[in-house]
Amino acid sequence: MAEVLVFHHGHGLTVGMRGFAEQLRRAGHTVHTPDLYEGQVFDSLDEGAAYAESTGFDTITARGVTAAEGLPAELVYVGFSLGVLPAQKLAQTRPGAKGALLIEACVPVSEFGAPWPHDVPVQIHGMDADPFFAGEGDADAARAVVETVTDAELFLYPGDRHLFTDSSLPSYDEQAATRVKHRVLGFLDRVE
């Protein structure tokens, strides 16, 4: 089975994020869920984003990179929204990555100064009218990844919700989240 490092979104390590990790564990995968917010969970995305901004996005990303230290190189990196920053950086720059799952965000590959490794598969998931994913350039960055990476897939779901995969948030979309989960589990089975 795969060994997976899951990075949470801007609310923090919510009950929904822990639940997602538990679903992967029940499927037989080894899952690590570092807390990039050092124990803080925010009720609103605005509060979480303010915390991340005041802490510094580079610091949040560095916390994710530090979380990978001491773990095997052969990891699948999973990031949700804000958590895509450390997940994508590690997938691109840490040798040995088995894959990347970028959920509700994607940044240009050039952000991390290295091309996407030719042997690292990636799946990207987002809603087609999400004001963050579709409206702030993430979907365009995802399309660029798919155009240049041999084993890359972009899945767009109908809707305008951000953080639709977290069952503990009002933005949760059960139907779309279920489809993401099945695709993620299929990806993990393929790359283990």
Side-chain angles (χ1 to χ4, degrees), residues 3-21 24 31-73 75-114 116-117 120 122-127 130-142 144-145 161-169 171-172 180 184:
E3 190 157 356
V4 184
L5 187 55
V6 177
F7 296 109
H8 62 75
H9 52 63
H11 283 267
L13 190 54
T14 62
V15 170
M17 286 286 87
R18 292 177 192 277
F20 176 85
L24 300 184
V31 183
H32 307 276
T33 53
D35 188 342
L36 304 177
Y37 278 10
E38 299 179 325
Q40 297 191 68
V41 175
F42 297 94
D43 291 333
S44 79
L45 185 55
D46 287 342
E47 292 171 326
Y51 171 80
E53 191 171 336
S54 68
T55 301
F57 293 107
D58 289 343
T59 298
I60 299 294
T61 302
R63 287 177 183 170
V65 171
T66 299
E69 294 174 3
L71 294 176
L75 294 171
V76 175
Y77 299 101
V78 182
F80 288 84
S81 191
L82 174 72
V84 163
L85 292 172
Q88 187 171 334
K89 179 176 182 166
L90 286 160
Q92 281 186 233
T93 64
R94 188 176 189 230
K98 298 287 278 185
L101 293 154
L102 311 179
I103 301 171
E104 303 185 78
C106 182
V107 297
V109 171
S110 60
E111 179 75 19
F112 301 114
W116 194 272
V120 177
V122 58
Q123 270 188 4
I124 307 163
H125 302 264
M127 284 200 158
D130 171 355
F132 296 99
F133 184 76
E136 293 185 356
D138 295 67
D140 294 333
V145 169
R161 296 180 184 185
H162 190 62
L163 306 180
F164 69 93
T165 54
D166 186 323
S167 62
S168 66
L169 298 178
S171 55
Y172 179 63
V180 171
V184 163

**Report entry** Under 3.5 Å donor-acceptor, D35 side chain and G39 backbone
**Finding:** yes
Query - Qualifying residue for side-chain contact (heavy atoms from CB on, under 4.5 Å) with Q123, from V76, L101, I103 - result: L101
Requested in this report: With side chain to side chain contact (heavy atoms under 4.5 Å, CB included) as the test, would you mind laying out the steps for E53 and F57 before giving the verdict?
Outcome: CA-CA 6 Å; E53 191 171 336; F57 293 107; 4.3 Å; yes
Query raised in the report: Counting only N and O atoms by type, is there a donor-acceptor contact under 3.5 Å from the side chain of H8 to the main-chain atoms of T14?
Result: no
Report task. May I have all residue pairs that pass salt bridge (charged side-chain N to carboxylate O under 4.0 Å, His left out) and include part of residues 87-114, sequence neighbours excluded? Result -> none
Query raised in the report: Does the T33 side chain pair with the main chain of V6, one donor and one acceptor, at a distance under 3.5 Å?
Result: no
Report task. Compare all side-chain heavy atoms of V15 with those of F20 and state whether any distance is below 4.5 angstrom. Result -> no
**Report entry** From CA spacing to verdict: side chain to side chain contact (heavy atoms under 4.5 Å, CB included), Y77, V4
**Finding:** CA-CA 6 Å; Y77 299 101; V4 184; over 6 Å; no
Query raised in the report: For the residue pair V107 and A141, what are the closest heavy atoms and their distance?
Result: C-CB, 3.7 Å
Query raised in the report: Is the shortest heavy-atom distance from the side chain of F132 to the side chain of R161 under 4.5 Å?
Result: no
Report task. Could you check L85 against I60 for side chain to side chain contact (heavy atoms under 4.5 Å, CB included), going step by step and ending with a plain yes or no? Result -> CA-CA 8 Å; L85 292 172; I60 299 294; 5.9 Å; no
**Report entry** E3 side chain vs L75 backbone, donor-acceptor pair below 3.5 Å
**Finding:** no
Query - Short side-chain to backbone donor-acceptor contact, S81 and H9, under 3.5 Å - result: no
Query raised in the report: Does the side chain of V184 reach to within under 4.5 Å of the side chain of H125, using non-hydrogen atoms?
Result: yes
**Report entry** Test item: L102 and F80 side chains (from C-beta on) under 4.5 Å apart, heavy atoms
**Finding:** no
Report task. Let me see the working for Q88 and F112 under side chain to side chain contact (heavy atoms under 4.5 Å, CB included), right down to the final yes or no. Result -> CA-CA 8 Å; Q88 187 171 334; F112 301 114; 3.9 Å; yes
Query raised in the report: Q40 side chain to G12 main-chain N or O, any donor-acceptor pair under 3.5 Å?
Result: no
Query raised in the report: For the residue pair S168 and G16, what are the closest heavy atoms and their distance?
Result: OG-N, 3.1 Å
Query raised in the report: Do V122 and I124 come close enough that some side-chain heavy atom pair is under 4.5 Å?
Result: yes
Query - Y172 side chain vs L163 backbone, donor-acceptor pair below 3.5 Å - result: no
Query raised in the report: Is it true that the side chains of H11 and D166 contain a donor and an acceptor less than 3.5 Å apart?
Result: no
Query raised in the report: In this structure, are over 12 heavy atoms from other groups packed under 6.0 Å from D43 atom CG?
Result: no
Query raised in the report: Of all heavy-atom pairs between G79 and A87, which one has the smallest distance, and what is that distance?
Result: N-CB, 3.6 Å
Query raised in the report: What pair of heavy atoms forms the shortest contact from V120 to G99, and how long is it?
Result: CG1-CA, 3.8 Å
Requested in this report: Determine the minimum heavy-atom distance between A91 and P117, stating which atoms define it.
Outcome: O-CG, 3.4 Å
**Report entry** Residue pair D46 / S44, side-chain donor-acceptor N/O under 3.5 Å
**Finding:** no
Report summary line: Closest non-hydrogen atoms of F42 and G10, given as atom of the first, atom of the second and distance, are CD1-O, 4.4 Å
Query raised in the report: When rounded to the nearest 0.5 angstrom, what is the spacing between CZ in F7 and OG1 in T61?
Result: 9.5 Å
